[in-house]
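To start, the structure under review is shown below, and the notes come after it.
As the structure lists them, so they are numbered: ligands from 1, and atoms in each ligand from 1. Please read these numbers as outputs of a predicted model, since none were measured by experiment.
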Amino acid sequence: MTDNKRNSDTFRIILLGTGSPRPNLERHHPAALVQWGEDRQMLVDAGDGVVTQLLAADIPLNQVHNVVLTHMHWDHILGYPAFVWGSWNSGRLKLTVTGPEGTSAMHHQLVESYYQEQAEWAIDLGFPRAGWDDITVRDVPVGWSETIANCLVEAGPVYHPPMHALAYRFNYQGRSLVVTGDTAMCDELTEFCRGIDVLVIDACAAAPAPDLPPARRQLIERLHEFHASPQDCIDIAAKAGVAKVVLTHHLPGVTPEFDALDYAGEVVIGADLDVINI
Ligand SMILES: [Zn+2]
Ligand SMILES: [Zn+2]
């Protein structure tokens with residue numbers, strides 16, 4: 001269980017899900033919670049299992065008032081409707097959701113469009129209208145930024161065709177964190193990460209095990225067009241002068257392999273419920 005004691009210096013990320021689309025018990029779909037100061041936090045992505053993992057990390061669901069989404073691939077949003085419902089049912093009264101182009105349409109289709117009637121029924125039953133009707137959802141471009149309780153949050157570039165996709169940078173008390181979401185190698189992302197303290201990055205494109213069936217090998221090899229390899233992640237971190245790189249978005253049963261001899265920083269193989277201080 002996470003030690004939830006916080007003060008004004010707190011700045012950390014809890015890895016809620018470090019897996020990839022293929023479900024497995026060890027690694028949930030991508031999601032993380034960034035916490036700063038005494039009580040602020042922001043959910044980054046909401047893959048399947050996000051509600052369970054928030055509860056496992058001892059996070060009160062009604063206290064999560066901000067969500068940023070990196071892109072609309074299923075493994076990053078399957079848990080989103082569950083989060084909206086679960087947090088509202090737990091007493092959440094406000095929510096702001098930010099993401100790339102397609103975020104508002106996703107919210108409309110997966111939440112409002114299908115569940116509005118059930119929400120009206122729940123409101124009639126006594127649930128507050130706040131927290132359902134007045135959820136703010138906005139599509140933002142690269143370059144968007146907002147300061148929330150002294151933390152500057154910025155949207156940056158990644159390369160994950162054909163999706164609209166964003167990385168997010170958090171700057172708090174002179175310390176900084178980037179969470180990339182999914183991305184292949186990308187010079188603009190490297191620039192966005194220059195000099196940061198912690199980089200949490202997609203390392204999905206690991207080399208396939210030689211004993212896999214050829215069709216599965218081919219699929220995994222093609223992932224490199226859309227995802228960074230573990231070595232790409234180390235190279236980005238080295239080039240950008242990142243102090244600590246955290247590899248995530250792991251395929252089941254794959255151990256990331258890389259050569260970090262030329263990287264002066266620290267490498268962490270992220271695991272579900274890891275807490276990384278910034
Ligand atoms: Zn993706
Ligand atoms: Zn993904």
Side-chain angles (χ1 to χ4, degrees), residues 13-34 42-53 67-83 97-107 109-110 139-142 155-168 178-186 188-189 192-193 199-208 216 218-233 236 245-254 256 269-274:
I13 181 165
I14 305 172
L15 306 180
L16 299 170
T18 57
S20 60
R22 188 179 274 216
N24 73 95
L25 286 171
E26 279 172 27
R27 295 185 183 277
H28 289 79
H29 274 177
L33 189 75
V34 179
M42 186 175 269
L43 185 64
V44 185
D45 284 341
D48 189 30
V50 64
V51 168
T52 312
Q53 291 298 86
V67 176
V68 288
L69 299 171
T70 60
H71 65 302
M72 299 303 121
H73 267 149
W74 68 98
D75 53 320
H76 297 251
I77 58 169
L78 275 174
Y80 175 74
F83 168 76
V97 182
T98 307
E101 186 179 330
T103 304
S104 303
M106 182 281 296
H107 178 82
Q109 288 172 37
L110 294 190
D139 296 8
V140 301
V142 168
V158 294
Y159 182 71
H160 192 53
M163 305 301 286
H164 297 285
L166 297 170
Y168 293 96
V178 168
V179 185
T180 66
D182 291 1
T183 185
M185 267 299 230
C186 172
E188 293 84 357
L189 172 67
F192 187 61
C193 295
L199 169 62
V200 177
I201 183 166
D202 167 18
C204 182
R216 180 82 186 143
Q218 257 170 26
L219 185 154
I220 292 177
E221 272 158 12
R222 274 213 64 197
L223 288 179
H224 205 184
E225 295 171 35
F226 318 100
H227 295 271
S229 69
Q231 189 65 52
D232 293 337
C233 298
I236 290 171
V245 60
V246 181
L247 309 187
T248 187
H249 210 302
H250 302 290
L251 295 168
V254 171
I269 313 288
D272 284 17
L273 300 179
D274 275 358

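- Using modelled atom types and a 3.5 Å distance limit, the side chains of His29 and Asp45 yield no donor-acceptor pair.
- Angle OD2(Asp182) to the Zn ion (ligand 1) to NE2(His71): 90° [nearest 10 degrees].
- For residue Asp75, an N/O/S atom approaches the Zn ion (ligand 2) to within less than 2.8 Å.
- Using a cut-off of 2.8 Å, one finds that Cys204 contributes no N/O/S atom close to the Zn ion (ligand 2).
- Ring geometry for Tyr80 versus His107: interplanar angle over 60°, hence perpendicular rather than tilted (30 to 60°).
- Within 6.0 Å of atom CD in Glu221, more than 12 heavy atoms from other residues, nucleotides or ligands are found, so the atom counts as buried in its surroundings.
- With no hydrogens or angles considered, a side-chain donor-acceptor pair links Ser104 and Asp139 at under 3.5 Å.
- Of all the N, O or S atoms in His73, the one closest to the Zn ion (ligand 1) is ND1.
- The aromatic rings of His71 and His76 sit tilted relative to each other, their planes meeting at an angle between 30° and 60°.
- In summary, no N, O or S atom of His76 is located under 2.8 Å from the Zn ion (ligand 1).
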